[in-house]
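All remarks here apply to the structure that follows.
Values below: every heavy atom of this structure, side chains too, minus hydrogens, waters and symmetry copies. Within every chain, numbering begins at 1; the chains are lettered A, B, ... in the order of the sequence lines, protein sequences first and strands thereafter.
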Protein chains: 2
Amino acid sequence: MPLKRGYNDCIKTIIPVRDFLDVMSGKWKFPIIVSIGVGNDRFVDIQESIPGITPKVLAKELKELEKHQLIKRTVLSEYPVKIIYTHEPYADTLTPIIYAMKDWGINHRKKVIGT
Amino acid sequence: MPLKRGYNDCIKTIIPVRDFLDVMSGKWKFPIIVSIGVGNDRFVDIQESIPGITPKVLAKELKELEKHQLIKRTVLSEYPVKIIYTHEPYADTLTPIIYAMKDWGINHRKKVIGT
DNA sequence: TATAGTGCTTTCCAAAAGGAAAGTGATTTA
DNA sequence: TAAATCACTTTCCTTTTGGAAAGCACTATA
């Protein structure tokens, strides 16, 4: 028997989209990437720049982003000890997506208010 | 006292990004939009084109996408009754994001396998 | 010795998301 | 009257995510 083909075959798009979502889905990862991207590099600065995030969630998300080589954690042995978070070059590959999301969000808010 | 400014002020990006995420976050919405986009318009066709999705989840996500005016549900009074799901024009505004995610996912898979 | 600053971690709990399996209701043809 | 088709819905359960509040470890200064 033949397999279903044609219209049904969107798997070539769905698989990479899900690969992307496996790494970047959730409420917090993009805001964190954006915050670090504009120069917030300290834990508390990142936390204060993202409304509503708690330290528990921030710590967890930072670990995941580090695991995926999107950010780097560096310990500076000053007093008091500083830890800074910076983008890895790989984080720059997300820039087009961030701009696309931002544009969509701006337009969506206009649409919703305009309704 | 002055408020924190400058580097800390990424809120202008974070707010629209979160507006976007409020509508489109989760594991299933993009795969569903893609599937309908390539021509799957029946419930079961959409379900079979997305590996792992259950009817309960699909029904819930379709309702949300309809609520946000991204898809349209049409009842055809044939026998047996057919229901078709199609894109609203607004769904096309997601196309740039879908392509950006797809490209990122393809590249990411190469990177991970290459490691 | 006490206190302050930094970067978290821990506990406890609630809410949301996700999954498996079976069932429902409307309709029409046999 | 029974079976078939389609599009879901329901139930029950597990997993994941999120949130509030408090605590902890390290170091240096007073």
Polar-atom pairs under 3.5 Å, protein N or O versus N or O of nucleotides 12-19 of chain C: list them with distances, or write none.
residue: C:dG19; atom: OP1; partner: B:Lys27; partner atom: NZ; Å: 3.3
residue: C:dG19; atom: N7; partner: B:Lys56; partner atom: NZ; Å: 3.3
residue: C:dG19; atom: O6; partner: B:Lys56; partner atom: NZ; Å: 2.3

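- Classified by interplanar angle (parallel below 30°, tilted 30° to 60°, perpendicular above 60°), the ring pair A:Phe43/A:Tyr85 is tilted.
- In the 5' to 3' direction, nucleotides of DNA chain D lying under 4.0 Å from heavy atoms of chain B begin and end at D:dC6 to D:dC12.
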Derivation of the side-chain contact (heavy atoms from CB on, under 4.5 Å) call for B:Val57 and B:Ile32: CA-CA 11 Å; B:Val57 170; B:Ile32 292 167; over 6 Å; no

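- Distances shown here put every side-chain N or O of A:Arg42 at or beyond 4.0 Å from the OP1 or OP2 atom of C:dG5.
- Considering every non-hydrogen atom in both B:Pro96 and B:Asp92, the closest pair reads CD-O, 3.9 Å.
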Table of protein N/O atoms under 3.5 Å from nucleotides 23-30 of chain C N/O atoms:
none

Stepwise side-chain contact (heavy atoms from CB on, under 4.5 Å) check, A:Leu70 with A:Val23: CA-CA 10 Å; A:Leu70 290 160; A:Val23 176; 4.2 Å; yes

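- A distance-only check finds no donor-acceptor pair linking the side chain of A:Lys110 to the backbone of A:Ile106 [under 3.5 Å].
- A:Ile84 has its CD1 atom 15 Å from the P atom of C:dT6, to the nearest Å.
- Looking only at distances, no side-chain donor or acceptor of B:Lys63 sits under 3.5 Å from a matching main-chain atom of B:Ala59.
- Ring pair B:Phe20/B:Phe30 is tilted by interplanar angle, where 30° to 60° counts as tilted.
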A:Lys29/A:Leu65 under side-chain contact (heavy atoms from CB on, under 4.5 Å): CA gap, chis, key distance, verdict: CA-CA 8 Å; A:Lys29 295 199 189 70; A:Leu65 292 170; 3.9 Å; yes

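- Proximity of a side-chain donor or acceptor of A:His87 to a complementary backbone N or O of A:Ile33 within less than 3.5 Å is detected.
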Step-by-step side-chain contact (heavy atoms from CB on, under 4.5 Å) determination, A:Glu88 to A:Glu66: CA-CA 9 Å; A:Glu88 294 275 17; A:Glu66 200 191 348; over 6 Å; no

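- Between the CG atom of A:Leu58 and the P atom of C:dG7 there is a distance of 11 Å, given to the nearest Å.
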